[in-house]
Asker: 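One structure, as structure tokens, below. Some questions next.
As the structure is a computational prediction, the values presented were derived from the model and not from experiment.
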Amino acid sequence: MDRRSFLRAGALIAGTTGAAHLSLSDPALALSNRQGDSVAVPGDKPNAEISIDQVQEAAEAARAAAASANIRRVPDIPALKTLNTDVTKLAFLPDDTGFDWKDIDSTTTARLDPNEHVVVRDAEKPLTRGAWYRRLKGDEPSVRDAFKAKGDGSADDSAALQDAIYWMEYYPPRSRALTWERGIYNISQLVIPNEILGISFNGRSYWDTTIRCQDGGSEPAIRNSSQEFKLFNLSLISGQPNKANWANRKDGLHSDKGMGQTMDVDVTISRCRFSGFYQGVYHKGRGLAAHTNHFTSCHIGIGLDWPDLGDYSPSDTSGHDAYDDAMAFRGIAVSDTRFHSLNYAAVANVGPNADKIVGLKINDIVLDIGRRIFYGHLGKHGSITNSTSTVSATEILELTGGRDFNVSGITGGGNAKGGVRTPQNLIKLTTGRFTGGRFSNMVLSNCHEHAIRDTSACLEGVAFSDITFHDVGFASPDSSRAFSFGSQNSDIEVINAKLLGSDTLQGVIGSNYGSNRIRAVNLSKEGSNTPWTAGSPVILVGKRQSYSPKPIAVVNVASVKAPALDWLYIDDDLIEVYGRLTATAAAAGNCEIDMPVPVPSMFTQPQDASGSLIAATAGLNIAGSVAANGTMLRLRWLAQKTNNNSFSFTARYRVM
């Protein structure tokens, strides 16, 4: 037999071609016991034969080669541990599960792999020199089939699932997907380290696939520090009473990259359910996309903790932040989500850097039987739109500041007058400064006191438009308002607001400080005698108001009275005053009186005001003029005798 045939026979017998399990007992190589018999060699010349002696010689060579083969088949894990890993780097179990030997320090990985679903040891070598790693079949391995998680609702699957997470490090980034079959997977805690970029949990649906945290305490169910973590079609629920978790501040998914990193956390959550935690999701990062989810029985649905950008990149020499993250500001987006029975807020942004948040977007939210669609700071370019709160026990929104924001399409309120879930206020603006924002297209109903209550530092260039109030301020109608502005030095515009309900409030719009400039256009009301304004003056464009001035006799006037005059804003700084007054001249001749104005003004010249007064009686007509005089309107006429005349009076002046 030539050397080529000899080596082929040895290779076939030793199984070094990858199967590594053929032996002399294999049917294809059945050998005769008769001396001198021959056997055909597959793949050789059609009539090529070798003798039994030659085959036995080849077998000896094959056995020698097998000792140095780098691929082996072993019957079980204990046998895998006995292989010479200086030579063998790939081995297979009988079910074709493969294991790769990696010459890397595997101490940490093995410690987190108690069931050896991923890592097994070489009995002759310390873990610092290497370990066996399971070779999985195909993409998106199953946590049940590949990692032996049971998902039966009884077993603790923490170890198997943690194995699956760590194994994802050996998949290419953005191909690290774990498939979760139907079932209930009990855990104590899962940890996703920052080295495993882009891992994804893919369930069937949040009704079919559930991760249930059985542990109490304060540690979150899933602690994530990985960039680009994704969660799809899963439920994450607590097996502990929700109030115990609220007391312990136990979160469901807790994402925090940590300080000193060049990139922070960017998480995607879709079609998932969170139940029973202090915060269903705690997110300390600049990127969160949460769409079509369901949160129930949490203290806070989604808690945002905007990071200090200095934690991730140093400042340059000019003192400005130098952002090394090429993705820059990714923003927070929460949409098409139902929140049920939230104890504090559906979404909250209350961290130490809350005012620095950029690009917050919340839309199409439904909060039923809960508190607050949003609590905290809107940051810059924040948007809350097209959302509903039903049967609210507290405010629909409680906001602590914002810049260049938009809040629109909000509907909701308490359940009824005297209802157990009827709040004091429906929207509260507190603490901070609001600049360049708009509240619009809202329907707000059923609250005990002020519907929109402002106790902020300042509302600078903030507009409220197309807002309808129904049955608000009914608990104490003598002091409640639809809008109550308690900030100072504010510039506010109210457009197309409507008040409905039978209760008489103190005012549709109330201002607590004269330093505010509040302009209101096109207000309307039905069902009550609520005054348009209360407190400090409001620029109420186009709406008639009344006041009772005390005119002062100046020249040749025996008596003068003006019990009530009407007035209105024609424009922001132009006022019209009109009504009737009576005056008696002391003698025939020129007469003058000074009339106080409804909105103070400091006139600099007579033409800053204009108007007329006319008295028409049988056989006697009197006409007079109006001019500005200091802080008053100066009225002049010529009296022909000392009759008591009733004048029709009209004047316009500018607020200087």
Side-chain angles (χ1 to χ4, degrees), residues 304 306 329 331-332 349-362 372-385 395-410 425-442 444 450-467 469 481-497 507-523 532-541 569 571-574 599-600 655-656:
L304 305 175
W306 192 254
F329 296 106
I332 306 294
N349 176 41
V350 294
N353 303 303
D355 62 323
K356 299 177 182 177
I357 193 169
V358 178
L360 172 69
K361 183 177 182 181
I362 300 173
R372 303 180 185 90
I373 291 175
F374 182 82
Y375 174 80
H377 208 287
L378 292 167
K380 186 176 182 180
H381 305 310
S383 173
I384 303 176
T385 60
E395 304 80 21
I396 297 173
L397 301 171
E398 186 168 351
L399 309 176
T400 60
R403 291 168 291 163
D404 305 324
F405 58 87
N406 174 45
V407 179
S408 66
I410 306 298
N425 312 116
L426 295 172
I427 295 178
K428 288 177 70 174
L429 311 177
T430 66
T431 310
R433 189 180 187 91
F434 295 80
T435 303
R438 176 175 290 272
F439 297 86
S440 63
N441 298 304
M442 300 183 184
L444 306 175
H450 310 305
I452 296 180
R453 183 184 183 190
D454 161 42
T455 58
S456 67
C458 181
L459 303 181
E460 182 180 5
V462 176
F464 299 81
S465 66
D466 297 284
I467 300 177
F469 303 93
R481 307 155 178 178
F483 296 93
S484 180
F485 295 112
S487 55
Q488 299 188 54
N489 301 307
S490 293
D491 183 4
I492 302 164
E493 189 171 49
V494 179
I495 305 170
N496 298 335
V508 177
I509 300 174
S511 175
N512 293 347
Y513 295 97
S515 61
N516 292 330
R517 181 183 182 276
I518 303 173
R519 180 179 186 269
V521 181
N522 196 28
L523 301 186
W532 295 115
T533 65
S536 298
V538 173
I539 300 172
L540 190 60
V541 178
Y569 277 95
D571 203 346
D572 289 9
D573 61 352
L574 181 61
V599 178
V655 179
M656 309 298 285

Asker: Please check if the side chain of Asp466 supplies one atom and the backbone of Ser440 the other of a donor-acceptor pair under 3.5 Å.
Answerer: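 Not a single qualifying donor-acceptor pair exists.
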
Asker: Would you say the side chain of Val541 lies within less than 4.5 Å of the side chain of Arg519, judging by non-hydrogen atoms?
Answerer: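 In contact.
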
Asker: Without swapping roles, check the side chain of Asn512 against the backbone of Ser484 for a donor-acceptor pair under 3.5 Å.
Answerer: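 No, Asn512 side chain to Ser484 backbone: no donor-acceptor pair under 3.5 Å.
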
Asker: Using modelled atom types and a 3.5 Å cut-off, is there a donor and acceptor pairing between side-chain atoms of Asn406 and backbone atoms of Ser383?
Answerer: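 It does not hold such a pair.
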
Asker: Checking side-chain polar atoms at under 3.5 Å, does Ser408 have a donor or acceptor matched by the opposite partner on Arg438?
Answerer: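 Absent: no donor and acceptor within the cut-off.
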
Asker: List the steps and the verdict of side chain to side chain contact (heavy atoms under 4.5 Å, CB included) for Ile332 and Trp306.
Answerer: CA-CA 10 Å; Ile332 306 294; Trp306 192 254; 4.0 Å; yes

Asker: For a quick test of reading the model, state the closest non-hydrogen atom pair linking Ser487 to Tyr513 and the distance between them.
Answerer: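 Nearest heavy atoms, Ser487 then Tyr513: O-CD1, 3.3 Å.
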
Asker: What's the spacing between Glu398 CD and Leu426 CG if we round to 0.5 Å?
Answerer: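 Those atoms lie 12.5 Å apart.
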
Asker: Considering only heavy atoms from C-beta outward, does the side chain of Leu360 approach that of Leu304 to under 4.5 Å?
Answerer: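 Side-chain contact under 4.5 Å: yes.
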
Asker: Is there a side-chain contact between Val599 and Tyr569 in this structure, where contact means two heavy atoms from C-beta onward sitting under 4.5 Å apart?
Answerer: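 Yes, at least one pair of side-chain atoms sits under 4.5 Å.
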
Asker: To the nearest 0.5 Å, what is the distance between CD1 on Ile373 and CD on Glu395?
Answerer: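 Between Ile373 CD1 and Glu395 CD, I get 12.0 Å after rounding to 0.5 Å.
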
Asker: So which atom in Ser456 and which in Phe434 form the shortest heavy-atom distance, rounded to 0.1 Å?
Answerer: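 Looking at all heavy atoms of both residues, the closest pair is CB-CE1, 3.7 Å.
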
Asker: Keeping the roles fixed (side chain from Asn349, backbone from Ala354), state whether a donor-acceptor pair exists under 3.5 Å.
Answerer: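 A pair under 3.5 Å: yes.
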
Asker: Has the side chain of Arg403 got a donor or acceptor atom that lies under 3.5 Å from a matching backbone atom of Asp355?
Answerer: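 Yes, because the side chain of Arg403 sits within donor-acceptor range (under 3.5 Å) of the backbone of Asp355.
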
Asker: How far does CZ of Arg481 sit from NE2 of His450, to the nearest 0.5 angstrom?
Answerer: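 The NE2 atom of His450 is 6.0 Å from CZ of Arg481, to the nearest 0.5 Å.
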
Asker: Are Ile427 and Met442 packed together at the side-chain level, in the sense that at least one heavy-atom pair is separated by less than 4.5 angstrom?
Answerer: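 Yes, side chains in contact.
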
Asker: Could you tell me the separation between the CD atom of Glu460 and the CD1 atom of Ile492, rounded to the nearest 0.5 Å?
Answerer: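 Here the rounded value is 11.0 Å.
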
Asker: From Asp572 CG over to Glu493 CD, what is the distance, rounded to the nearest 0.5 angstrom?
Answerer: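 One gets 8.0 Å once the value is rounded to the nearest 0.5 Å.
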
Asker: Report the relative orientation of the aromatic rings in Phe439 and Phe464; use parallel for angles under 30°, tilted for 30 to 60°, perpendicular for over 60°.
Answerer: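 Parallel, since the angle between the ring planes stays under 30°.
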
Asker: Given side chain to side chain contact (heavy atoms under 4.5 Å, CB included), test Val350 with Thr400 step by step and report yes or no.
Answerer: CA-CA 9 Å; Val350 294; Thr400 60; over 6 Å; no

Asker: Which atom pair, heavy atoms only, marks the closest approach of His377 to Phe374?
Answerer: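 Closest heavy-atom pair between His377 and Phe374: O-CZ, 3.4 Å.
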
Asker: Please confirm whether the backbone N or O of Asn489 pairs with a side-chain atom of Asn516, one donor and one acceptor, at under 3.5 Å?
Answerer: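 Flag set: sc Asn516 to bb Asn489 pair under 3.5 Å.
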
Asker: What's the verdict on side chain to side chain contact (heavy atoms under 4.5 Å, CB included) for Ile452 and Leu444, showing C-alpha distance, side-chain angles and the deciding distance?
Answerer: CA-CA 9 Å; Ile452 296 180; Leu444 306 175; 4.1 Å; yes

Asker: Which heavy atom in Val462 sits nearest to a heavy atom in Thr435, and how many Å separate them?
Answerer: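 Shortest heavy-atom separation between Val462 and Thr435 comes out as CG2-N, 4.5 Å.
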
Asker: If only atom types and distance count, is the side chain of His381 paired as donor or acceptor with the main-chain N or O of Gly359 below 3.5 Å?
Answerer: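 Such a contact is absent between His381 side chain and Gly359 backbone.
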
Asker: When rounded to the nearest 0.5 angstrom, what is the spacing between CD1 in Ile384 and CG in Leu399?
Answerer: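 Here the rounded value is 6.0 Å.
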
Asker: Which heavy atom in Ala520 sits nearest to a heavy atom in Ile509, and how many Å separate them?
Answerer: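 Result for this residue pair: CB-CD1, 3.5 Å.
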
Asker: Please examine the side chains of Val538 and Val494, heavy atoms only from C-beta on, and report whether any two atoms are closer than 4.5 Å.
Answerer: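 Contact flag for Val494/Val538 side chains = no.
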
Asker: For the pair Val655 and Ile539, evaluate side chain to side chain contact (heavy atoms under 4.5 Å, CB included) and give the outcome as yes or no after the intermediate values.
Answerer: CA-CA 11 Å; Val655 179; Ile539 300 172; over 6 Å; no

